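Bear in mind that the values here come from a model prediction, so they are computed numbers and not experimental data. Note: hydrogens, waters and symmetry copies are ignored here, and every other heavy atom, side chains too, is used.
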Amino acid sequence: MTIDLRSDTVTRPTPEMLKCMFNAKVGDDVFKEDPTVNELEAKAAGIFGMEAGLYCPSGTMTNQIAIKMHTQPGEELLCDVTAHVYNFEGGGIAFTSGVQPKLIPGDRGRYTAKQLADCLHPDADWLPRTTLAVVENTSNKGGGSYSKLENIKEIANVCQANKIKLHMDGARIFNALVETNESPKDYGKICDSISICLSKGLGAPVGSLLLGKKEFIANARRIRKLLGGGMRQAGYLAAAGIYALDNHVTRLKDDHKRAKHLGSLLTGKSYIENVLPVDTNIVIFTLSDKMPSAKFVAELAKENIMVSLMGTQMVRMVTHLDFTDEMLETTEKILKKI
């Protein structure tokens with residue numbers, strides 16, 4: 001038995017999800033003729049109370065399309081220093097949009113409205129114009145930390161007062177929502193665009209959605225096409241997304257429960273320096289100097305347990321749909337033996 005804790009992207013479709021995929025009605029999505037894609041886009045937009053949605057192959061694409069749509073070359077966007085759009089999207093901010101990122105040192109991936117306001121430039125010809133703020137919920141490098149609606153509202157107020165657009169990288173937004181019990185529609189009211197991922201905790205094999213106003217999404221389709229994201233009979237994949245939204249949201253709490261148990265197991269171990277607070281399904285911890293990360297990863301690999309590195313001596317474990325209680329028990333035994 002292989003236990004893969006590298007990411008929640010490693011899941012495979014459930015039998016019920018596969019059945020929906022095989023039975024999907026499809027057409028050519030570039031012609032807007034795939035009924036299942038159209039249904040998924042409308043469904044996701046409706047969940048967040050937004051006007052329209054756009055189905056894309058990846059969250060990187062939805063985020064980078066949003067940045068391209070909200071900015072012009074030479075302008076500036078603000079995001080946390082740990083933000084996925086800055087750290088893990090291949091330099092797309094520079095490559096696709098020609099925009100300069102300004103990084104905010106937040107708390108585990110979350111910055112405040114005051115920090116945002118303090119970063120704004122005065123109006124001067126020699127300073128870049130800030131036109132976009134990006135928030136990430138939950139924060140990947142923040143160890144799955146989540147923001148609450150009141151905090152995002154305060155950020156949105158600063159954005160509105162300064163004519164700045166607000167994009168939410170909500171790749172794991174449902175992980176946040178099952179913890180806060182907040183309404184996704186409230187986020188749709190304050191964000192200019194939202195990206196949600198279907199292939200992480202929700203367990204679909206492929207796809208993310210960009211949500212926004214109708215005109216915004218219509219123009220975003222053009223950017224998706226030029227980036228190579230125009231798909232044809234994508235309804236087979238979109239059907240998995242519909243199934244995931246209908247069946248895999250509330251069960252995210254199971255992932256959180258297992259992640260918190262892992263965090264408790266790791267806390268206090270002699271070979272671990274510290275463990276970030278575990279809020280959702282991501283566990284990030286730093287190994288002590290006496291336990292080189294390569295050795296730790298190799299020790300787990302011998303037992304068919306896979307983890308990922310987030311930097312020097314920093315390790316990440318992510319729980320997901322395919323990580324069971326039996327696997328948790330096995331992992332616990334192995335960790336206690338190290």
Side-chain angles (χ1 to χ4, degrees), residues 50-52 54 56 59-137 139-142 147 150-171 187-195 210-229:
M50 304 187 86
E51 292 181 359
L54 181 67
C56 293
T60 292
M61 183 175 284
T62 50
N63 282 333
Q64 293 303 321
I65 289 174
I67 293 169
K68 180 71 174 173
M69 289 292 300
H70 289 310
T71 64
Q72 292 295 322
E75 294 179 343
E76 182 176 78
L77 70 78
L78 296 172
C79 65
D80 188 84
V81 66
T82 66
H84 193 281
V85 296
Y86 175 74
N87 288 280
F88 301 124
E89 298 187 5
I93 294 173
F95 185 85
T96 306
S97 299
V99 174
Q100 173 175 290
K102 186 172 185 179
L103 307 178
I104 303 174
D107 171 32
R108 296 173 56 214
R110 302 162 297 187
Y111 57 84
T112 66
K114 183 180 186 305
Q115 284 181 298
L116 176 66
D118 289 345
C119 284
L120 299 180
H121 299 296
D123 186 14
D125 292 344
W126 56 90
L127 296 173
R129 180 176 295 152
T130 303
T131 51
L132 176 64
V134 179
V135 291
E136 184 178 342
N137 197 16
S139 169
N140 179 12
K141 287 196 77 172
S147 299
E150 60 190 72
N151 303 117
I152 304 298
K153 274 185 176 179
E154 291 172 357
I155 289 171
N157 289 337
V158 173
C159 289
Q160 291 166 10
N162 292 276
K163 298 181 179 179
I164 296 170
K165 297 296 184 180
L166 177 61
H167 172 68
M168 176 179 284
D169 175 4
Y187 284 92
K189 292 175 183 176
I190 59 176
C191 295
D192 294 288
S193 57
I194 297 175
S195 167
L210 180 62
L211 310 176
K213 292 186 180 297
K214 287 182 179 178
E215 183 179 0
F216 173 86
I217 293 299
N219 289 324
R221 286 183 66 92
R222 299 181 63 86
I223 306 300
R224 183 187 71 170
K225 181 64 176 174
L226 70 85
L227 291 177

Nearest heavy atoms of [X] and [Y], plus distance in Å:
X    : Y    : answer
S195 : N63  : CB-OD1, 3.4 Å
P128 : H121 : O-CD2, 3.2 Å
I65  : C56  : CD1-SG, 4.0 Å
A52  : I217 : O-CG1, 3.7 Å
L116 : C159 : CD2-SG, 3.9 Å
M168 : C191 : CB-SG, 4.0 Å

Side-chain heavy atoms of [X] within contact of [Y], under 4.5 Å:
X    : Y    : value
S139 : D80  : no
C79  : I104 : no
S147 : V135 : no
T130 : N162 : no
M69  : N219 : yes
L166 : I152 : yes
L132 : V99  : no

[X] side chain to [Y] backbone, donor-acceptor under 3.5 Å:
X    : Y    : result
K68  : I223 : no
R221 : A218 : no
N137 : G170 : no
Q115 : P105 : yes

- Answer yes if the side chains of Q64 and T96 hold a donor-acceptor pair under 3.5 Å, and no otherwise. no
Rounded to the nearest 0.5 Å, what's the gap from [atom1] on [X] to [atom2] on [Y]? Could you check?
X    : Y    : atom1 : atom2 : answer
L227 : T60  : CG    : OG1   : 11.0 Å
E51  : E215 : CD    : CD    : 9.5 Å
T71  : E76  : OG1   : CD    : 11.5 Å
L103 : T82  : CG    : OG1   : 9.5 Å

- Task: Output, in order, the C-alpha distance, side-chain angles, deciding distance and verdict of side chain to side chain contact (heavy atoms under 4.5 Å, CB included) for R224 and L54.
- Result: CA-CA 9 Å; R224 183 187 71 170; L54 181 67; 3.5 Å; yes
- Task: Take the angle between the ring planes of H70 and H167 and call it parallel below 30°, perpendicular above 60°, tilted in between.
- Result: tilted
- Query: When you look at CZ of R108, are more than 12 heavy atoms from neighbouring residues, nucleotides or ligands closer to it than 6.0 Å?
  - Reply: yes
- Criterion side chain to side chain contact (heavy atoms under 4.5 Å, CB included) on I93 and L77, from CA distance to verdict: CA-CA 9 Å; I93 294 173; L77 70 78; 4.0 Å; yes
- Message: Please list all pairs meeting ring pair (Phe, Tyr, Trp, His ring centres under 6.0 Å) that have one or both residues in residues 76-98, counting only residues at least two apart or in different chains.
- Response: H84-F88
- side chain to side chain contact (heavy atoms under 4.5 Å, CB included) evaluation trace for I194 with M50: CA-CA 9 Å; I194 297 175; M50 304 187 86; 3.8 Å; yes
